[in-house]
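All residue numbers refer to positions in the sequence shown, counting from 1. Values reported hereafter were calculated over all heavy atoms of this structure, with side chains retained and with hydrogens, waters and symmetry mates removed.
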Amino acid sequence: PTEVTEQLPPKMEMYEVGKTLQLADKWWTVTDVKNAICRAGEGELPFAAPPGHRRGSIDLTNKNGEFASIELSKDDVEFYVGEFVRFDDLKFTNLRPVPGWNAEVAQEKNRTTALACPSCGAVVNLRAAGQSMSAVCGSCGVVIDTATPEFQVIQKADIATRQLAPLLPIGQRGKLFALEYEVIGFVARTDKYSKWSEYLLFNPWQGFRWLVSFNGHWSFVDRLPAMPDLSGETIEMGGRDYKLFDKGSATVSGVLGEFYWKVRRGERADITDFIAPPEILSKETYPDLHEFTWSLGEYVDSRLIAEAFGVKNLPSSQGVYLNQPNPFAVRWQEVRVAFFVTLLALFLIHFFSPFARHEVTRNESTFLFDREQQRVSATSAAPAETPKLVTPHFLIEGGEQRVVIETAADVDNSWLDLDFDLVNAKTNESFPAAVEVSYYHGTDSDGAWSEGSRAATASIPGVPAGEYFLVVEASADTQIQKMPFTVRVRTGGVFTSNLIVMLLLVLFYPVMLLWRRHRFERARWDESDFSPYQSSDD
């Protein structure tokens, strides 16, 4: 109990789900408004608990995840503040055996509590006796109120209920995440566009959990005990940002088994889903029940479900589900460090490896292309051939390396072709290369234009050390009679083309992963009305 200075409204109708109240210097959100009836009391209590005593119960939470409740009676209004704990946190000892769950008592294994169906008289087994508020008769399909001794019928059966065929049978047990659960309930839900199945799991020490199945996709869902009424398109919780994915209404189309609330076919819930795959954060508002709840789900592979509950041939998953992990994002996380390390190593090798020698100019010569000289050569008695131009000898030192031949000529709307032979003066081994220097420009209806360049470069890889000279053969556009040009020979450096090829090889797999990751996310958000990939005009 907590004393408050604020005036608490004394009547139930003054409290509304979603309304905020300032109490004990904190802001609280009303999450549930119910009338409670005392069924019985046992042991020592700080208040009288006569059977049939009625009290109003209002549950509240705040943004810090704290829990509170207001209890209303004819004579008093009380405010309580507390925190949610799991059963194991209480560290109870000397507990009595739980029927059907204590493995050390062999005759109690799978034992249940039974009642007679008020409609057909068939035996209805309660697997969560004392906690179930409703159950469905397996014989006639009526929904039974198990919260009162009279076991009244809440809702009669329909044909759709009798045709339900859950993938996980009621009563099936399985070990999931190191805990044993029993399937005690099945709900079929539909909305405007789709239908899905929800399986209620029970463990007497851990309480209730849900398995939600849609098109072969499964999520393990736990209710959140203390969540305020949050809004917006992004919710931050536990260091993660959950993005708004969907809003809509869902209707219960069929039920089997037993449940912790008085479920009925046709029950409507307004659902808002936020995702941070593989997790999903959902808010369900029940207008008829005057409450809203939050739950947190995690995607589970169907193979894990099949193994846990001993079920074969579960349907394979279809399409991309809203909280399905992106496998390509997972792979990218696995390779991205190696990728960036490899990328860095590639640049280091390119610029600082022993093969990346300093560039040194070995020779620079100026020649003259002379068409008249070519004519004289062609009319002489000797066989016609283009006159050759030769550079002085020069040394290449330091082992095999790249040789770059750079050429420049002042061509103007014309071209100059140069054929080179890099010749070893001692062995006569030659290394050929060729370039074209061409430059054109002008104007047209679109304006000025130009193409080509007055300079050109040729590269020769892996030239051994030694004494060399360069032989040049020139030919030119017919309009050129004489054209001076320069030739410079450099050694060292590395081929940029090698770097480009290696970059393409290194980038291929990561780029493919990133592209497929993007496509996967697009497919996921195509099912959402809040897709970040849609423009405002879509």
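Residue Val183 comes nearest to Pro169 through the heavy atom pair CB-O, 3.6 Å, listed as atom of the first residue, atom of the second, then distance. The two residues Pro287 and Arg268 make their nearest non-hydrogen contact at CG-NH2, 3.3 Å.
Every residue two or more places apart in sequence or in another chain that forms a ring-ring contact (aromatic ring centres under 6.0 Å, His included) with Tyr299 is listed here: His217. Taking Arg303 as the reference, Asp301 meet the salt bridge (Lys or Arg N to Asp or Glu O under 4.0 Å) condition, with sequence neighbours excluded. For Asp88, the side-chain hydrogen bond (donor to acceptor under 3.5 Å, both in side chains) criterion is met by Gln206, not counting sequence neighbours.
Judged purely by distance below 3.5 Å, without hydrogens or angles, the side chains of Ser249 and Asp270 pair a donor atom with an acceptor atom. In this model, a donor atom of one side chain and an acceptor atom of the other lie less than 3.5 Å apart for Trp261 and Glu267.
Applying the salt bridge (Lys or Arg N to Asp or Glu O under 4.0 Å) rule to pairs touching residues 230-245 yields Arg240-Glu279, sequence neighbours excluded. Judged as a salt bridge (Lys or Arg N to Asp or Glu O under 4.0 Å), not a single pair has a partner in residues 333-349 (not counting sequence neighbours). Counting only residues at least two apart or in different chains, salt bridge (Lys or Arg N to Asp or Glu O under 4.0 Å) contacts with residues 183-209 comprise Arg189-Glu198, Arg189-Glu284, Arg209-Asp222.
Classified by interplanar angle (parallel below 30°, tilted 30° to 60°, perpendicular above 60°), the ring pair Phe245/Trp525 is tilted.
Salt bridge status for Glu180 with Lys175: absent, with no side-chain N to carboxylate O gap under 4.0 Å.
In this structure, Trp294 and Ile235 have side chains that are in contact, with non-hydrogen atoms separated by less than 4.5 Å.
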